Number of protein chains: 2
Amino acid sequence: MPVRILIYEDNINLRESLSNLLSLTGDYQVCASYPDCSGVIMQVKELMPDVILMDIDMPLVNGIEAVRRIRTFNQAVQIIMLTVFDDNTHVFDAMYAGANGYLLKKYISDKLMHSIREVLDGGAPMSPSIARMVITSMQKAEPARDYQLTPREKEILQFLSRGNSFKMIAIELNISLDTVRTHIKRIYDKLHVCSQIEAVSKAINEKLV
Amino acid sequence: MPVRILIYEDNINLRESLSNLLSLTGDYQVCASYPDCSGVIMQVKELMPDVILMDIDMPLVNGIEAVRRIRTFNQAVQIIMLTVFDDNTHVFDAMYAGANGYLLKKYISDKLMHSIREVLDGGAPMSPSIARMVITSMQKAEPARDYQLTPREKEILQFLSRGNSFKMIAIELNISLDTVRTHIKRIYDKLHVCSQIEAVSKAINEKLV
DNA sequence: CTTCCTGTACCCTGATCAGGTGACACATCA
DNA sequence: TGATGTGTCACCTGATCAGGGTACAGGAAG
């Protein structure tokens, strides 16, 4: 049973090239291809593809919005973005929306077949530069400065960050309210803040918890 | 000029296989290989490799800690993790620590050469299942429930989340303190919370800000 | 052995916040 | 036209928090 593929791409030349390319081997069946996503929900429901190749820059409905719409009712279909955009915004929006892969058009010819195979095997085919963007974004998300908090202080700060009042923390940890207050005061000193919210805000944003 | 490669791998058989494999083509020069990371800082400074292949499970100092140590003084060397671990904790810890690629050992023979080339070209070689884990983690990070906050309420909540007191918000927005309080009370209602910290905690964790 | 750090605990004063109630102008929508 | 939603403002009471100080036991480090 061939893999059913659905294509959204507004450039007619590329759309037909893709169709032709995929039809060569016999492993793939392009069940349809459209120049825009205005009917994407109906089309996906109707055609039940295994894989969708999705351009981003299209008239009427862009490819990222289309992915969002598809994901409202179908988590199973594998979606590979196929685009010229390699900026942060497009890449991450597409990922958040629910794409499973992201290929830059300049590398398509080399990688398309392999990528379709990979996404069906539970992978996430990405052009190298895209993969690097993704993991770089994860890395810069943690400077994690060290404020020399003691274990007990970290524990208190965690409770605080989850929304517990001083009183609740005292009960939870089975210590007196004043002890909690003492810890909190020391935390304020070390974090250079002077209120709960500042402390919690700093703790969460700098991943101290 | 061949690519200089440094290997950390405690299994002697694998370590030597890797060395031999990489030496075959002449494009790569294995400048050293070690069974543990106890001297990693000195070794990297001394040998100045272009690429490091890093196992995770090693005696004395594990590979993730070693990556952290390397990144304290060298951002340029490309580090590829080479491991059997495919669980969330190991993968993300390695990425956070500063790895540039992550290959599962079972696929090494196929992909090693290609991955080294890719990481040097600014990519981030990952085994397919790892890549999928990474982008899945990005996706589930945004449920973004809708609490029907009005624009003004979102604005107030943002100020609050940055650590501003009621008084500061009032001054900043040029409205009365009581008005701020009214907005905050309505926010509490909509978010089903009853204190600043709960609200801020919820706002940050659910990406309402 | 003494100093320093950590965790514990108490007290006091003034500031800030929570929860409730009430009010009014303006806009939209039915 | 009336209902509803939004943004504005006010007052009151009790709870909670901030900032200051003081104290002491136990452990680590010098």
Side-chain angles (χ1 to χ4, degrees), chain A residues 143-209, chain B residues 38 60-61 65 69 72 143-209:
Chain A
R145 253 164 297 178
D146 186 11
Y147 292 98
Q148 309 268 24
L149 296 182
T150 69
R152 192 58 156 176
E153 285 162 359
K154 280 183 192 162
E155 194 179 4
I156 303 264
L157 186 53
Q158 268 176 24
F159 273 92
L160 200 64
S161 301
R162 287 196 219 101
N164 297 84
S165 69
F166 291 10
K167 198 185 276 184
M168 291 163 74
I169 298 175
I171 294 168
E172 207 68 36
L173 295 180
N174 207 22
I175 55 180
S176 100
L177 183 59
D178 275 304
T179 303
V180 176
R181 289 170 38 65
T182 304
H183 286 304
I184 300 255
K185 280 185 281 193
R186 289 180 187 158
I187 293 172
Y188 289 172
D189 272 348
K190 293 182 180 176
L191 260 52
H192 306 298
V193 299
C194 53
S195 71
Q196 291 180 87
I197 19 176
E198 279 184 284
V200 170
S201 172
K202 200 155 186 168
I204 299 181
N205 287 322
E206 304 194 9
K207 304 203 192 308
L208 305 178
V209 290
Chain B
S38 50
L60 304 176
V61 177
E65 178 55 30
R69 293 187 187 177
T72 60
R145 254 167 294 178
D146 186 12
Y147 292 98
Q148 310 267 26
L149 296 182
T150 69
R152 192 57 156 176
E153 285 162 359
K154 280 182 193 163
E155 194 179 3
I156 303 267
L157 185 54
Q158 267 176 26
F159 274 92
L160 200 65
S161 301
R162 287 195 221 103
N164 296 84
S165 69
F166 291 10
K167 198 184 276 185
M168 290 163 74
I169 299 175
I171 294 168
E172 207 69 36
L173 296 179
N174 207 22
I175 55 179
S176 101
L177 183 60
D178 274 306
T179 303
V180 176
R181 289 170 38 65
T182 303
H183 286 303
I184 299 257
K185 279 184 280 193
R186 290 184 186 154
I187 292 172
Y188 289 173
D189 273 349
K190 293 184 180 176
L191 261 52
H192 306 297
V193 300
C194 52
S195 71
Q196 293 180 89
I197 21 177
E198 279 185 284
V200 170
S201 171
K202 199 156 187 168
I204 299 181
N205 287 323
E206 303 193 10
K207 305 205 192 305
L208 306 177
V209 289

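Everything numeric in this text was worked out from a predicted model, so none of it was measured. Lettering of chains follows the sequences in order, A, B, ..., and the numbering in each one begins at 1.
In the set dG7(C), dA18(C), dC10(C), the nucleotide with an atom closest to the side chain of H183(A) is dG7(C).
What separates CG of L157(A) from P of dG7(C) is a distance of 13 Å, to the nearest Å. What separates NZ of K154(A) from C1' of dG7(C) is a distance of 16 Å, to the nearest Å. We find that CD1 of I184(B) is positioned 16 Å from P of dG20(C), with the value rounded to whole Å. Note: CG (L177(A)) to C1' (dC10(C)) measures 11 Å, nearest angstrom. Taking atom CD1 on I156(A) and atom C1' on dT6(C), their separation rounds to 12 Å, with Å as the unit. Here the C1' atom of nucleotide dC5(C) and the CG atom of D189(A) are 14 Å apart, to the nearest Å.
Checking the phosphate oxygens (OP1, OP2) of dA9(C), no side-chain nitrogen or oxygen of T182(A) falls inside 4.0 Å. Phosphate proximity of dC10(C) to S176(A): present, with a side-chain N or O under 4.0 Å from OP1 or OP2. At the phosphate of dG7(C), neither OP1 nor OP2 sits under 4.0 Å from any side-chain N or O atom of R186(A).
Using a 4.0 Å heavy-atom criterion, one finds that T179(A) contacts the bases of the nucleic acid, with or without backbone contacts as well.
Read 5' to 3', the first and last nucleotides of DNA chain D with an atom closer than 4.0 Å to a heavy atom of chain B are dT6(D) to dC12(D).
For the pair D178(A) and R181(B), nearest-nucleotide mapping onto DNA chain C gives the more 5' position to D178(A).
Salt bridge annotation for R181(B)-D178(B): present, with a cationic side-chain nitrogen under 4.0 angstrom from a carboxylate oxygen.
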